[in-house]
> 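Handing you a structure now.
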Amino acid sequence: MNSFSSSGGSAGATDSLTRDALTVLQPGFGGTTAPDWLLRRIGEGLASVGLFGRNIQTPEQVAALTAQLRAEREDIVVAIDEESGDVTRLEVRTGSSFPGNHALGAVDDVSLTRGVAAELGRRLADCGVTFNWAPSADVNSDPGNPVIGVRSFGADPDLVARHTGAYIEGMQSSGVAACAKHFPGHGDTAVDSHHAVPHIAADADVLAARELAPFRAAIAAGTRAVMSAHISVPALDPDLPGTLSRRILTDLLRGELGFDGLIVTDGIEMRAISGTYGIERGTVLAVAAGCDAICVGGGLHDELTVLRLRDALVAAVRAGELPEERLADAATRVRALADWASASRAAGAGGAADPEIGLRAARRALTVTHTETYTGPLTDAPYVAAFAPLANIAVGDETPWGVAAELTRRLPGTETGSFSGDDAGAKALAAAGSRRVVAVVRDAHRHPWMTAAVDHLLTARPDTVVIEMGVPQSKPSGALHIATHGAARVCGEAAAEVLTAG
């Protein structure tokens, strides 16, 4: 047998075991063109790549990048984490043209959700993307959830289920594979799995009725993939987190729920896995448990990472720790997804473009509450005070949000500032001077300092307008209160329309 090292292949670098080990990886990379190392590994069996914000400048550049990848392997799976709304990669520097799941859930029109997903899928397909790590099928049952929030369609399992199904139908009608996440459900958590292992204490009956309902709908809608969650669910497996649990992935998802598509991990370098098991051991355990593809690249995105994971899988098979048949089965499922995506591209799936559907959806998602102190629409340039929480890793801090840009376009001279901390309200009031204040918040119910800042403003300036761009849990306040149910660019645009037009 040939031996393998992290320095690169060997004379047997294209044997079936090594090709299968490369096939199950979905790595990221740096830059806006494909590096030479990535193209070499595609030639050796790598069947998927993941795109992140760092890889994206314009749709035309992404199309050129995916064409470069496809020149090496026509059926390569090009994946992206494009939820739209707060989590966007395609529009990472401008904000999304589509509202996210929570806004769609607030409208509760499944035909709208299907249409939004179809248009998003059409744009992804035009760029050469064939696999979207979306939608979030999580039921946001804990309003304090630090990582899901507006990424969820809502807190009602039936609502989340019907919109998850509609989204998948829309996305896949455009020839882009959908991926319901984060199985078995990340909504009832108070910890972000990017940092540690979240724990769900619900019993099996609650989980079946609540967490699993959207995944049943996803499977019924024909989702091509499901993403595992790095969460502890003792009622399902007292020992291992979802991504590493055969009980959860093979017995429950495959056996009881009957899912026969691709199971992909959440980012294997997230601390919930890497901090406990390490990425090599985590990768081996994930494939052994039933995962077919290993997502890596949100953080680690170099050649050495790919080689480490490839070699760990090969070594585990040779040591008898991972059945070679399980690795081969995983690789077969990746190739099946590639075949479906390639056939969809060839068939030219997708309907007519509907470029305005995102803004129409954002407008419909607004909840507008007036009080007796409301004096009508803004006619003079206001001061926009953005009370900004620390962005979670999934959302990132590079994507702009708020209403300032759109208000500046409509009311030239608009000024803005960003504030946080215990004295945020006083600082915002001082900065605003005599201007009308527009206070923009995001999940105010999760940040006591933010609620205090808004209270401070309203005490001094009762005509303050409040725009809540997160999950609206707090009682509406301000002369005018607008809940956008998300912070996508179109959500800010829709709110600015109301502020300036009544």
Side-chain angles (χ1 to χ4, degrees), residues 51-53 56 80-107 113 116-117 120 123-124 132-140 142-155 160 163-164 167 171 179 181-182 186-187 189 192-194 227 266-267 298 358-359 361-363 365-367 386-406 418 440-447 450 467-473 482-496:
L51 301 184
F52 296 85
I56 293 169
I80 197 169
D81 190 10
E82 182 55 60
E83 298 178 18
S84 73
D86 289 30
V87 180
T88 178
R89 306 296 177 240
L90 206 58
E91 299 181 278
V92 66
R93 290 169 186 83
T94 60
S96 181
S97 300
F98 304 92
N101 285 2
H102 203 63
L104 295 172
V107 178
T113 295
V116 165
L120 175 58
R123 296 190 193 184
L124 291 173
N132 190 9
W133 292 315
S136 168
D138 305 298
V139 179
N140 199 52
D142 182 348
N145 193 310
V147 68
I148 302 301
V150 294
R151 301 168 66 196
S152 166
F153 289 110
V160 176
H163 287 277
T164 294
Y167 185 106
M171 179 63 58
C179 179
K181 63 186 184 185
H182 308 78
H186 208 314
T189 60
D192 184 343
S193 52
H194 289 88
M227 178 178 283
D266 206 345
L359 180 57
R363 288 169 177 154
L366 297 181
T367 301
F387 297 112
L390 184 67
N392 73 58
I393 291 175
V395 173
D397 57 8
E398 60 202 321
T399 303
W401 66 284
V403 298
E406 185 62 22
S418 184
V440 185
V441 298
R442 200 168 177 176
D443 289 342
H445 66 285
R446 292 184 49 234
H447 305 282
M450 200 181 291
I467 302 178
E468 169 60 87
M469 304 196 82
V471 178
Q473 290 286 311
I482 302 175
T484 61
H485 301 90
R489 176 177 55 79
V490 286
C491 296
E493 187 175 345

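Everything numeric in this text was worked out from a predicted model, so none of it was measured. Numbering starts at 1 and runs along the sequence shown.
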> According to side-chain contact (heavy atoms from CB on, under 4.5 Å), who are the partners of Ala404, at least two apart in sequence or on a separate chain?
Val384, Thr416
> What are the two closest non-hydrogen atoms of Glu406 and Ala496, and how far apart are they?
CG-CB, 3.4 Å
> List the steps and the verdict of side-chain contact (heavy atoms from CB on, under 4.5 Å) for Arg151 and His182.
CA-CA 11 Å; Arg151 301 168 66 196; His182 308 78; 3.7 Å; yes
> Between Leu124 and Met171, is a side-chain contact (heavy atoms from CB on, under 4.5 Å) present by the stated rule, with each step listed?
CA-CA 9 Å; Leu124 291 173; Met171 179 63 58; 4.2 Å; yes
> Could you tell me which residues satisfy ring-ring contact (aromatic ring centres under 6.0 Å, His included) with Tyr167, sequence neighbours excluded, listed by chain and number?
none
> Verify, without hydrogens or angle tests, whether Arg93 (side chain) and Ile56 (backbone) share a donor-acceptor contact under 3.5 angstrom.
yes
> So, using side-chain contact (heavy atoms from CB on, under 4.5 Å) as the criterion, who are the partners of Ala106 when residues are at least two apart?
His485
> Only counting residues at least two apart or in another chain, list the ones meeting side chain to side chain donor-acceptor pair (under 3.5 Å) with Ser136.
Asp138
> Is a donor from one side chain sitting under 3.5 angstrom from an acceptor on the other, for Thr88 and Glu83?
no
> Work out which heavy atom in Ala488 is nearest to a heavy atom in Gly85; give both atom names and the distance.
CB-CA, 3.7 Å
> Between Asn101 and Pro135, is any pair of side-chain heavy atoms under 4.5 Å apart?
yes
> Between the main-chain N or O of Asp266 and the side-chain N or O of Lys181, is there a donor-acceptor pair closer than 3.5 Å?
no
> Return the CG to CG distance between Asp81 and Leu51, rounded to the nearest 0.5 Å.
11.0 Å
> Determine the minimum heavy-atom distance between Ser84 and Leu120, stating which atoms define it.
CB-CD2, 4.0 Å
> Check whether any side-chain N or O of Glu82 sits under 3.5 Å from a backbone N or O of Leu90 as a donor-acceptor pair, and report yes or no.
yes
> I'd like to check the side-chain contact (heavy atoms from CB on, under 4.5 Å) partners of Ser97; sequence neighbours left out, ordered by chain and number.
Glu91, Arg123, Arg489
> I'd like to know whether Leu366 forms a side-chain contact (heavy atoms from CB on, under 4.5 Å) with Thr484, so could you lay out the CA-CA distance, the side-chain angles of the two residues, the decisive distance to 0.1 Å, and finally the verdict.
CA-CA 5 Å; Leu366 297 181; Thr484 61; 3.7 Å; yes
> Val150: which residues meet the side-chain contact (heavy atoms from CB on, under 4.5 Å) condition with it, sequence neighbours left out?
Asp86, His102, Val471
> Just by modelled atom types, is the Asp443 backbone N or O under 3.5 Å from a matching donor or acceptor in the Glu468 side chain?
yes
> Nearest 0.5 Å please: distance from the OG1 atom of Thr113 over to the NE2 atom of His163.
4.5 Å
> Could you give the distance from CD (Glu493) to CZ (Arg363), rounded to the nearest 0.5 Å?
7.0 Å
> Shortest non-hydrogen contact from Gly358 to Pro99?
O-CD, 3.3 Å
> Is any side-chain heavy atom of Phe98 less than 4.5 Å from a side-chain heavy atom of Leu104?
no
> Drop me the distance from Phe52's CZ to Ile80's CD1, to the nearest 0.5 angstrom.
9.0 Å
